[in-house]
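Taking it in order: structure first as structure tokens, then the write-up.
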Amino acid sequence: MHSRGPGMPEAGAAPSGPPQAPALAGHHGLLDLRGRSDTGPAPSSPFTMVYPANAVVVVSGLPGSGKSTLLRRAPAQATVIDPRAVHVACEAVMPGWLPYGLYRPWARWRHIRWLHRELRGDGPLLVHDCGSRPWVRRWMARAAGRRGRPLHLVLLDVGRAEALSGQESRGRRAPRRAFARHHRGLDRLLRRLSEAAAAGPSPTAGPSPTAGPSPAAGRPAADGAAEVPAPRTPLPVPPCVAEAVSVVLLGGPTRGLATWEFARSPRPARPAGGGTTRLRSGT
């Protein structure tokens with residue numbers, strides 16, 4: 001993931017067209033955008049998280065934290081894997097009187113099969129995951145790594161009460177035991193990430209790879225563009241999520257401001273001597 005300065009075009013480019021949401025993200029490392037007092041201010045205006053064309057981005061958080069809402073803002077070029085889609089598809093072909101718990105293993109198998117197939121591709125991929133099971137994230141990182149694809153993590157930290165409220169508003173509640181299990185796992189992960197964000201870079205660790213503000217950081221925003229804090233230097237990824245290239249922490253306010261952008265895959269070079277010409281309909 002890379003960054004552009006808030007409200008600014010790339011270095012050397014002139015502003016053109018209507019202003020867009022500023023791009024605010026890290027290179028490689030941990031970026032805390034929750035707005036906590038110990039980690040600096042968070043964006044107060046819409047911003048865009050920018051990733052490579054082949055990135056696998058795992059979006060984690062408690063049930064009801066807003067993962068599906070954030071994923072619905074995905075660009076058309078990205079594939080979104082949401083276990084809810086598999087749940088609904090399985091439910092549609094089963095008798096209404098049959099409890100979901102009886103065919104849950106089948107639904108999970110279909111979900112894992114879908115995920116494994118998409119990880120073997122090369123286009124942008126967004127994955128809805130609870131985040132409380134580290135082995136699932138590591139498996140995804142290994143599978144993506146075989147294709148040379150980086151794995152990134154976006155973690156929603158909204159708290160237990162807000163997540164339960166989110167479940168009420170959507171009309172679906174996670175089973176109590178499942179929610180408690182997810183809460184314990186995520187709380188443990190968030191504590192470690194919060195400690196790393198508050199501590200800052202280790203004096204012996206050196207700078208994060210490719211980290212550093214973009215050339216436009218700290219300049220005034222372009223005319224008409226929303227002003228957001230200048231990008232901070234991302235911290236090194238903590239060992240607890242070493243499988244991820246980058247980690248972005250979003251809080252309750254900032255989860256609603258974030259949008260996605262993926263770089264375009266480079267077009268393959270034409271063979272020497274030309275090649276076939278593809279005509280559009282009507283030309």
Determine whether I112 and W106 fall in the same hydrophobic cluster, where Ile, Leu, Val, Met, Phe, Trp and Tyr are linked whenever their side-chain heavy atoms lie under 4.5 Å apart.
->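 As far as the 4.5 Å side-chain criterion goes, W106 and I112 are not connected within one cluster.
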hydrophobic_cluster_shared for V158 and V154, side chain cutoff 4.5 Å | no
Any residue meeting side chain to side chain contact (heavy atoms under 4.5 Å, CB included) with [X], in chain and number order, not counting sequence neighbours:
X	answer
R73	T69, L70, T259, W260
T254	A42, P43, F47, L250
V136	D129, R133, M140
L98	M94, P95, L102, Y103

Side-chain donor-acceptor pairs of residues 82-89 under 3.5 Å, sequence neighbours excluded:
residue : atom : partner : partner atom : Å
D82     : OD1  : R84     : N            : 3.0
D82     : OD2  : S68     : OG           : 3.1

Pairwise distance [atom1]([X]) to [atom2]([Y]) - rounded to 0.5 angstrom:
X	Y	atom1	atom2	result
R147	L119	CZ	CG	10.5 Å
T79	L126	OG1	CG	8.5 Å
L186	L155	CG	CG	6.0 Å
L193	C240	CG	SG	4.5 Å
R138	R142	CZ	CZ	8.5 Å
N54	D122	CG	CG	7.5 Å

Step by step, work out the side chain to side chain contact (heavy atoms under 4.5 Å, CB included) result for M49 and V57.
-> CA-CA 11 Å; M49 297 185 292; V57 186; over 6 Å; no
Give the minimum heavy-atom separation between [X] and [Y], together with the two atoms involved.
X	Y	value
P238	A196	CG-CB, 3.6 Å
V245	P150	CG2-CB, 3.7 Å
H152	A55	CD2-CB, 3.9 Å
A141	L151	N-CD1, 3.7 Å
V247	A244	CG2-CB, 4.2 Å
G131	S60	CA-OG, 3.5 Å

Taking only residues two or more places apart in sequence or in another chain, which ones pass side-chain hydrogen bond (donor to acceptor under 3.5 Å, both in side chains) with [X]?
X	answer
H182	S132
E243	R137
R113	none
R177	none

Does H128 reach the side chain of V59, with side-chain heavy atoms less than 4.5 Å apart?
->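 No, side chains not in contact.
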With sequence neighbours excluded, tell me which residues meet ring pair (Phe, Tyr, Trp, His ring centres under 6.0 Å) with H183.
-> none
Can you list the steps and then say if I81 with H111 is a side chain to side chain contact (heavy atoms under 4.5 Å, CB included)?
-> CA-CA 8 Å; I81 293 188; H111 171 69; 3.5 Å; yes
Using the ring of W114 (Phe, Tyr or Trp, six-membered ring only), decide whether R110 places NZ or CZ under 6.0 Å from its centre and within 45 degrees of its axis.
->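 Pair R110/W114 does not count as cation-pi.
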Can you list every salt bridge (charged side-chain N to carboxylate O under 4.0 Å, His left out) pair that touches residues 249-259, not counting sequence neighbours?
->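 Of all non-adjacent pairs touching residues 249-259, those that pass salt bridge (charged side-chain N to carboxylate O under 4.0 Å, His left out) are E162-R255.
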How would you list all residue pairs meeting ring-ring contact (aromatic ring centres under 6.0 Å, His included) that involve residues 64-83, not counting sequence neighbours?
-> none
Take L31 and S246 through the test side chain to side chain contact (heavy atoms under 4.5 Å, CB included) and record every step on the way to the result.
-> CA-CA 8 Å; L31 195 64; S246 73; over 6 Å; no
Could you go through the side chain to side chain contact (heavy atoms under 4.5 Å, CB included) check for R34 and L190 one step at a time?
-> CA-CA 12 Å; R34 294 174 296 176; L190 282 167; 4.3 Å; yes
Indicate yes or no for a side-chain donor-acceptor contact from R149 to the backbone of G121 under 3.5 Å, with no hydrogens or angles considered.
->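 Yes; at least one donor-acceptor contact below 3.5 Å.
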Check: K67 side chain, V127 main-chain N or O, donor-acceptor pair, under 3.5 Å =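 Answer holds: no.
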